Student: 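One structure coming up, written as structure tokens, with questions to follow.
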Amino acid sequence: MQIRCNEPDPVRRSDKPASAVRREVEAHTGDVKKEGPKKVKAVAKKTSRQGTKDSAPPPVPPLRDEVAGVRLSNPGRVYYPDVGVTKSELAQYWETVAERALPGLRRRPLSLVRCPDGVDKKAFFQKHAAASMPKQVGRVAINPGEEPYAMVNDLSSVIALVQLGVIEFHPWGSRADAIEKPDLFILDLDPHESVPWRRLAETAVVLRVFLQDLGFVPFLRTTGGKGLHVVVPLVRRWGWEEIKSFTHSIALRLVHEAPKQFTAEIPKAKRTGRILIDYLRNQRDATAIASYSPRARPGAPVAIPLDWDELDPGGKPLGWNVRNAHERLAAPDPWADFEASRRPLAKKTLDLVHVD
């Protein structure tokens with residue numbers, strides 16, 4: 001299976017290799033050929049929705065000491081000192097985005113980043129749900145003899161975690177009723193600091209076309225950081241080892257065709273000038289940031305689902321945060337068809353991406 005960079009057709013499956021794979025990849029990931037970005041722009045149309053300074057900031061909501069039936073202690077506690085976002089405001093943010101955010105969070109084991117004293121103070125990563133965790137928060141057993149993981153099922157369970165100082169929500173790629181069968185996979189595009197936005201955006205489009213050629217329907221989101229996630233819904237069939245092996249093969253295929261552009265090696269010393277194709281989100285106990293989750297970083301950034309038409313290689317990174325993410329809700333949900341887009345991973349597809 002080759003990596004092709006022409007405009008994506010409707011989802012299709014192709015078993016036929018094509019020529020000049022390396023040339024096509026390099027052209028469409030910002031190498032020396034100038035025609036690459038032009039072709040990609042035909043797919044990634046420009047958008048005026050940048051989520052930055054294009055509109056006046058919304059007024060800060062008034063303090064509330066109760067959201068979704070959950071009592072907030074010290075609702076005025078500042079979680080983001082640089083912009084003044086409080087516990088109350090963060091809870092109200094979740095109330096605003098809940099309808100779109102909850103489908104990707106419900107009934108999944110969670111790893112949590114807690115910053116009870118604010119994002120500029122000590123933070124810690126929590127996997128297990130202690131007995132003291134509020135009753136609104138669900139539990140899911142993972143490993144015998146260990147405490148269960150936290151799980152949310154509704155808005156009140158999210159707010160109960162915000163009350164505890166939870167900033168980031170990182171769900172598993174499987175649900176509580178079938179822990180060992182992932183129902184999605186994620187390819188995390190993590191660029192070295194020297195990589196320009198244009199190359200990252202074009203890489204996402206290249207990957208989209210490649211995955212479509214394999215018969216999948218890829219979705220896109222920002223991470224609230226410098227990277228992008230390409231997320232693919234799956235029919236639950238294979239276990240963690242098979243999904244990890246498959247996504248590793250995809251990463252190696254990209255590296256094989258354009259080693260100066262990509263890497264699959266985690267150490268930062270190996271990433272200079274390259275984009276890491278991080279496939280390790282697809283193993284048991286691994287997680288990825290949830291759509292609409294805030295990040296524990298200055299500016300209160302959030303991970304936001306995108307329509308592919310919003311990805312403009314010639315533009316700038318899309319900067320969404322707790323105070324402007326509500327603007328997304330006026331537009332159609334770019335992930336509305338996520339559930340309907342599940343596809344099975346066929347055995348022959350594993351062979352198509354194998355790198356000798």
Side-chain angles (χ1 to χ4, degrees), residues 44-64 66-70 72 75 79-80 83-108 152-162 166-171 184 204 217-225 228-231 233 288-297 299-312 315-341:
K45 300 174 184 176
K46 289 186 177 181
T47 176
S48 61
R49 292 178 290 171
Q50 294 296 319
T52 51
K53 299 180 180 179
D54 295 338
S55 58
V60 177
L63 287 180
R64 287 166 51 188
E66 184 175 305
V67 176
V70 176
L72 301 177
Y79 279 167
Y80 292 89
V83 290
V85 172
T86 63
K87 179 190 289 188
S88 172
E89 185 175 357
L90 190 62
Q92 291 178 71
Y93 161 78
W94 277 109
E95 186 178 50
T96 299
V97 301
E99 184 175 352
R100 290 196 182 177
L102 283 172
L105 278 173
R106 285 192 188 104
R107 301 183 298 278
R108 294 181 185 274
V152 300
N153 294 314
D154 53 24
L155 177 60
S156 66
S157 54
V158 174
I159 304 303
L161 291 171
V162 172
V166 171
I167 303 295
E168 298 187 3
F169 291 73
H170 295 251
L184 57 83
V217 184
F219 290 78
L220 181 70
R221 71 171 165 229
T222 67
T223 65
L228 292 169
H229 283 173
V230 177
V231 186
I289 193 69
S291 295
Y292 299 97
S293 174
R295 304 306 302 264
R297 299 169 181 171
V302 297
I304 287 290
L306 298 180
D307 189 288
W308 284 97
D309 285 349
E310 296 179 272
L311 193 63
D312 179 12
K316 56 184 176 180
L318 302 166
W320 297 97
N321 58 64
V322 165
R323 287 193 172 147
N324 65 21
H326 69 283
E327 298 172 11
R328 304 288 302 169
L329 307 183
D333 183 358
W335 284 30
D337 295 331
F338 192 87
E339 287 297 324
S341 299

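This is a predicted model, so every value here is computed, not measured.
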Student: P103 and A98: which non-hydrogen atoms are nearest, and at how many Å?
Tutor: CD-O, 4.3 Å
Student: Would you find a donor on one side and an acceptor on the other, under 3.5 Å apart, between the side chain of R295 and the backbone of T223?
Tutor: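 Indeed, once roles are kept as given, a pair shorter than 3.5 Å links the two residues.
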Student: Can a donor-acceptor pair be found, under 3.5 Å and without considering hydrogens, that links the side chain of W335 to the backbone of L220?
Tutor: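 Present.
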Student: Distance from I304 atom CD1 to N324 atom CG, nearest 0.5 Å?
Tutor: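 Rounded to the nearest 0.5 Å, the CD1-CG separation comes to 8.0 Å.
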Student: With a 3.5 Å distance limit and no angle check, can you tell me whether S293 reaches the backbone of I289 through a side-chain donor-acceptor pair?
Tutor: no
Student: I'd like to check the side chain to side chain donor-acceptor pair (under 3.5 Å) partners of S88; sequence neighbours left out, ordered by chain and number.
Tutor: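 S88: side chain to side chain donor-acceptor pair (under 3.5 Å) contacts with Q92.
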Student: Could you tell me the separation between the CG atom of D333 and the CG atom of D307, rounded to the nearest 0.5 Å?
Tutor: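 Those atoms lie 10.0 Å apart.
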Student: Say whether, by atom type as modelled, one donor and one acceptor occur between the side chain of Y93 and the main chain of A325 under 3.5 angstrom.
Tutor: no
Student: Write down the atom of R323, the atom of V83, and the distance for their closest heavy-atom approach.
Tutor: NH1-O, 2.7 Å
Student: Work out which heavy atom in V231 is nearest to a heavy atom in P233; give both atom names and the distance.
Tutor: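 Reported closest heavy-atom pair: O-CD, 3.9 Å.
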Student: Taking the side chain from R328 and the backbone from P305, do they hold a donor-acceptor pair closer than 3.5 Å?
Tutor: yes
Student: Are any non-hydrogen side-chain atoms of L311 and L228 less than 4.5 angstrom apart?
Tutor: yes
Student: For residues S291 and A101, report the shortest heavy-atom separation together with the two atoms involved.
Tutor: O-CB, 4.2 Å
Student: Quick check against the 3.5 Å criterion: does E168 have a side-chain atom that pairs as donor or acceptor with the backbone of A296?
Tutor: yes
Student: Kindly say whether E327 contributes a backbone atom to a donor-acceptor pair with the side chain of W320 at under 3.5 angstrom?
Tutor: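 Answer holds: no.
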Student: Within this structure, what is the OH-CZ distance for the pair Y80 and R297, rounded to the nearest 0.5 Å?
Tutor: 9.5 Å
Student: Heavy-atom distance under 4.5 Å between the side chains of L72 and L63, does that happen here?
Tutor: no
Student: Which pair of non-hydrogen atoms, one from I159 and one from A91, has the smallest distance, and what is that distance?
Tutor: CD1-O, 3.4 Å
Student: Is any side-chain heavy atom of P334 closer than 4.5 Å to one of L306?
Tutor: no
Student: Apply side chain to side chain contact (heavy atoms under 4.5 Å, CB included) to the pair I167 and L90, showing each step before the final yes or no.
Tutor: CA-CA 9 Å; I167 303 295; L90 190 62; 3.8 Å; yes
Student: Is any side-chain heavy atom of V158 closer than 4.5 Å to a side-chain heavy atom of F169?
Tutor: yes
Student: Under the salt bridge (charged side-chain N to carboxylate O under 4.0 Å, His left out) definition, can you give me all pairs with a residue in residues 95-106, not counting sequence neighbours?
Tutor: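 Of all non-adjacent pairs touching residues 95-106, those that pass salt bridge (charged side-chain N to carboxylate O under 4.0 Å, His left out) are R64-E95.
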Student: Quick one: does V97's side chain get under 4.5 Å of H326's, heavy atoms only?
Tutor: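 Answer no - side chains too far apart.
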Student: So which atom in A290 and which in R221 form the shortest heavy-atom distance, rounded to 0.1 Å?
Tutor: C-NH1, 4.3 Å
